[in-house]
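Input: a single structure, listed below in structure tokens.
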Amino acid sequence: MADKYQFDGIEKKWQRHWEEAGLFKTREIPDAEKYYLLEMFPYPSGKLHMGHVRNYSIGDVAARYLRMKGKNVLHPMGWDSFGLPAENAAIQNGIHPNLWTHDNMREMRTQLKRLGLSYDWDREVATCEAEYYKWMQWIFIRFFKNGMAYKKKNPVNWCPSCETVLANEQVVDGVCDRCGSTVGKKDLEQWYLKITDYAERLLSDLDKLPGWPSKVKTMQKNWIGRSTGAEVDFTVEGTDKKLRIFTTRPDTLFGVTYMVLAPEHPFVKELAAGGGQEAQVDAFLRKLQYLSDIDRTATTLEKEGVFLGCYAVNPLSGGRVPVYIANYVLMDYGTGAIMAVPAHDQRDFDFAVKYGLDILPVIDPECPEIDLSNLKEAFVAEGKLIHSGRFDGLKNREAIGQITDFLEKEGFGKKSVNFRLRDWLISRQRYWGTPIPMIHCETCGWVPEKEENLPVLLPTDVKFTGKGESPLHTSGTFRETVCPLCGGPAVREIDTMDTFLDSSWYFLRYCDARNGARIFEKDKAKYWMPVDQYIGGVEHAILHLLYARFFTKFLYDIGESPVEEPFTRLLTQGMVLKDGKKMSKSIGNVVSPEEIIRKYGADTARLFILFASPPEKELEWSDAGVEGSYRFLNRVYRLVDEWAPALRDAPDSYASVTAADREMHYALHYAVRKVSDDIGDRFSFNTAISAIMELVNAMYKYKEAENRSTALMKNAVTNLILILSPFAPHLCEEMWQSLGHGQSLYGERWPDYDENALILDTVEIVIQINGKVKERIRVQSGLDQDAMIAKVKEDARFEQLLAGRMPVKIVAVPGKLVNVVVQ
RNA sequence: GCCGGAGUGGCGGAAUUGGCAGACGCACAGGACUUAAAAUCCUGCGGUUCGUGAGAAUCAUACCGGUUCGAUCCCGGUCUCCGGCACCA
């Protein structure tokens, strides 16, 4: 007998067997209960890391378990294969992104297969393939035709030396992180998706997702950021112009002492004209131009602004207030203009102090410690209205509604809801992404490509210089085309799509991945959707998961998606750490999955990564822990190896005769129940594995017992292999075969357990005095409270425990304990 | 600043949410096997005090308080760490 099991041969043998037998291919079977299990597909960076191993091991255990429970499980895999790294490789090493990406996909596919993951590879998708992005373009055109995609001029970060657009992350302290030049703004036409039209539904439908972690739902709620308030019109003195502002605090309207417009507000030029402040305004605007969006909106940036030279009139109080522009007001939230109430808003307060503007309290804190005539900071808590005309004396909470109603009645304003969520800027001045299938014609404007002409293929004759706009403009063949409407000369959009679009609907495509005629057959999507369980990193809690929900809702609205919410249950797995830190090349603490698999095998890698920590928590990598998991699998192997010959011809049924038999019988059924519950209900894989370890310990003990039953041992070994098989599938197949089975164990059903086996004749109960454990006694099981108390009173040690004190009260918990309360 | 989450042995974690705190594993120690080592098997393993000893007492789930017969779990406060958002009017 070999000391250690030969994992390498065993694992490769069964991986080949599964592939050749097509064991994990999935069809729609109308009568079977479906289960769609999905892990987030990877970006093909080239090598699998431990985070992938963890993510896909979690999913695979669930998939294998559910199949054995008789579910028709869809478990697909694919590639989020457009993106910047491929293009950087092209710029640096001259490798075409397409080649680089496909090499990486091949490499990683091999690694995934080496982990023994039970995917249906026939449904594999890669977002960079024309057969996939064709439908991405089709969706975009649907967005456009439904008025959900629009083009808008917007300032982007532009490096004058590199001649390229920069992402916000590439602008550090106002300079280009590649060449150090000062980054400026350039107005470019960019495509947007109107995700804000869905803000309300994206928010309220979170309540329909009880299977999501509340943490993720809260993050999405905050991101969408719904605020209710009012829009109010202020007239600009001496003109008929109305300045519309948004406020969540209409109760403070009488405390407005100035107004502020965003520097980009369309009225700025006009209002500044003739006010005598033109030069200052101009200088201020020029200064802001050189700030990146990130710096512009940083809280640390000092509030700054200039007087526009004009005044506005408060519709309620009739008061005349100066109009400013300032860096702390944003054009793309609300109306791009605010009323400033320094007494009750800290930002306005800071600004007012700096520029010597009036501070007028209109809410009385009714607190003697606060001196309203000399505020040190804005008062933002509750109170009663003062200096507010007819609304004086109202609680400010009530005043919000009453003042809003009054504004509406008088035509000065209206109720309003605002979201923090912005429309989704999807244009990327990049090559390796889905071409936006739009064409610009001088006479017809922006026109979508005809659907029968899709896909708009990415050209291959482009240069990767890292300079200029989108590399697509260097293609000699791509840009020039004809207008789909009028047939006149026209040019194609050269920007590509944000890759987050590609990953916003791949789960739908898996339902019918090879369909060349449609995005997917709706019947097939109807069979599989929604995804019953989605598993991935928490870093996607906001963007990816929000975008995927948005796409699903849109596709639902246009009659394509059968569901409104894509993912019923969500598991966000924790990070894999080494020495308390995230594994990273720069720290040099990366553990390579390849090496672990070479040294210990895939089964050990899977087992360890699931045993070391619950799935949602961070996982501290431990080489010693891996050794432990490896030892355990060897321990199982030796046990089965020793017994297999004797078990082949042993009978299946047995009677528990000895005490050891009864213990073994109990341990077996306990383990089956525990593992079933832990995998099926709780996704608590670490405790499932410890339950299997306990079973193995019990079996080692039992095999030394006198008069042990071979039939009982056969039952124990058989069930042990079955319940371990989701975690260590290769070893379990091998052991299953060694018992004389000719077929894969993945044709087997998950074992049942017998409730009766878990009922013991006697149970140990605890005697407590005042809640402290004093004694344990064995009583027959099933006793009611009175019988338990009687048993305790009979016990020889009871009087001794009381030590002469009188019981005041006795509490009994059936099957568990009796607590005697004494003075 | 605002919103979440978490603090349990030397370590990873368990206790399926009010009922025996520390399952299972790692590390460590002792024993068996071995010429020896590795591997394997068995045993022990939170702290303090008492006892030669089987054992007994007592403290212990970040800290302080509360509710309860009983709190790792519920409530109030404090501290620390982690995550998200961050001039959103």
Determine the contact category for [X]: base if any of its heavy atoms lies under 4.0 Å from a base atom, sugar-phosphate if only primed atoms, P, OP1 or OP2 are that close, otherwise nothing.
X: Gly628(A); answer: sugar-phosphate
X: Arg422(A); answer: base
X: Glu694(A); answer: sugar-phosphate
X: Val813(A); answer: base
X: Gln346(A); answer: nothing
X: Ser622(A); answer: nothing
X: Lys774(A); answer: sugar-phosphate
X: Asp350(A); answer: nothing
X: Lys772(A); answer: sugar-phosphate

Regarding C87(B), can its base be found pairing with the side chain of Lys303(A) as donor and acceptor, where the two atoms are less than 3.5 Å apart? yes

Side-chain-base donor-acceptor pair under 3.5 Å for Asn222(A) and C85(B): no

Tell me: [atom1] of [X] to [atom2] of [N], nearest whole Å?
X: Lys215(A); N: G83(B); atom1: NZ; atom2: P; value: 9 Å
X: Gln785(A); N: G19(B); atom1: CD; atom2: P; value: 15 Å
X: Glu627(A); N: G12(B); atom1: CD; atom2: P; value: 19 Å
X: Lys674(A); N: A23(B); atom1: NZ; atom2: C1'; value: 9 Å
X: Tyr700(A); N: G25(B); atom1: OH; atom2: C1'; value: 16 Å
X: Trp621(A); N: G25(B); atom1: CH2; atom2: P; value: 19 Å
X: Asp678(A); N: A14(B); atom1: CG; atom2: P; value: 11 Å
X: Leu610(A); N: G25(B); atom1: CG; atom2: C1'; value: 14 Å

Are the charged groups of Arg249(A) and Asp251(A) less than 4.0 angstrom apart, N to O? yes

What I want to find out is whether Glu694(A) reaches Lys674(A) closely enough, with some N-O distance under 4.0 Å, to be called a salt bridge. no

Please give the distance between the [atom1] atoms of [N] and [M] as a whole number of Å.
N: G47(B); M: A37(B); atom1: C1'; result: 36 Å
N: A21(B); M: G70(B); atom1: C1'; result: 14 Å
N: A62(B); M: C3(B); atom1: C1'; result: 23 Å
N: C73(B); M: A6(B); atom1: C1'; result: 14 Å
N: U58(B); M: G5(B); atom1: P; result: 38 Å
N: C28(B); M: U34(B); atom1: C1'; result: 23 Å
N: U72(B); M: G65(B); atom1: P; result: 15 Å
N: U49(B); M: A36(B); atom1: P; result: 39 Å

With a 4.0 Å cutoff (strictly under), does any side-chain N or O of [X] reach OP1 or OP2 of [N]?
X: Asn819(A); N: U68(B); value: no
X: Lys816(A); N: G18(B); value: no
X: Arg638(A); N: C41(B); value: yes
X: Arg631(A); N: C24(B); value: no
X: Ser613(A); N: G13(B); value: yes
X: Arg635(A); N: C41(B); value: yes
X: Ser227(A); N: A89(B); value: yes

Nucleotide of [options] approaching [X] most closely (side-chain heavy atoms):
X: Arg776(A); options: C42(B), C20(B), G12(B); answer: C20(B)
X: Tyr333(A); options: C20(B), A89(B), C24(B); answer: A89(B)
X: Lys617(A); options: G13(B), C69(B), A21(B); answer: G13(B)
X: Ala624(A); options: C69(B), A89(B), C26(B); answer: C26(B)
X: Asn686(A); options: C85(B), G13(B), U40(B); answer: G13(B)
X: Asn327(A); options: C69(B), A14(B), C87(B); answer: C87(B)
X: Lys809(A); options: C69(B), A14(B), G13(B); answer: C69(B)

Any chance you could lay out the side chain to side chain contact (heavy atoms under 4.5 Å, CB included) test for Ile692(A) and Phe632(A), step after step, and finish with the verdict? CA-CA 10 Å; Ile692(A) 298 173; Phe632(A) 171 71; 3.9 Å; yes

Would the distance check show the side chain of Tyr355(A) and the main-chain N or O of Gly305(A) forming a donor-acceptor pair, the cut-off being under 3.5 Å? yes

Who does [N] pair with, Watson-Crick or G-U, both distances under 3.5 Å?
N: C41(B); value: G31(B)
N: C85(B); value: G1(B)
N: C79(B); value: G7(B)
N: U67(B); value: none
N: G53(B); value: none

Heavy-atom nearest nucleotide on RNA chain B for Asn770(A) versus Ala612(A): which residue maps closer to 5'? Ala612(A)

Let me know, please, whether Trp223(A) or Asp348(A) comes out on the 5' side of the other along RNA chain B by nearest nucleotide. Trp223(A)

More than 12 heavy atoms of other residues, nucleotides or ligands under 6.0 Å from NZ of Lys354(A): yes or no? yes

Please report the interatomic distance NZ(Lys581(A)) to CG(Asn589(A)), rounded to the nearest 0.5 Å. 7.0 Å

Is it the case that the side chains of Arg778(A) and Thr762(A) hold a donor-acceptor pair, with the cut-off being a distance below 3.5 Å and no angle test? yes

Syn or anti for G9(B)? Use the chi torsion, O4'-C1'-N9-C4 for purines and O4'-C1'-N1-C2 for pyrimidines, with syn inside 90° of 0. syn

Lys791(A)/Gln780(A) under side chain to side chain contact (heavy atoms under 4.5 Å, CB included): CA gap, chis, key distance, verdict: CA-CA 10 Å; Lys791(A) 279 280 181 201; Gln780(A) 68 217 85; 4.0 Å; yes

Option among Tyr630(A), Tyr5(A), Phe7(A) that satisfies the ring-ring contact (aromatic ring centres under 6.0 Å, His included) test with Tyr637(A): Tyr5(A)

Pair Tyr324(A) + Phe351(A): ring centers closer than 6.0 Å: yes

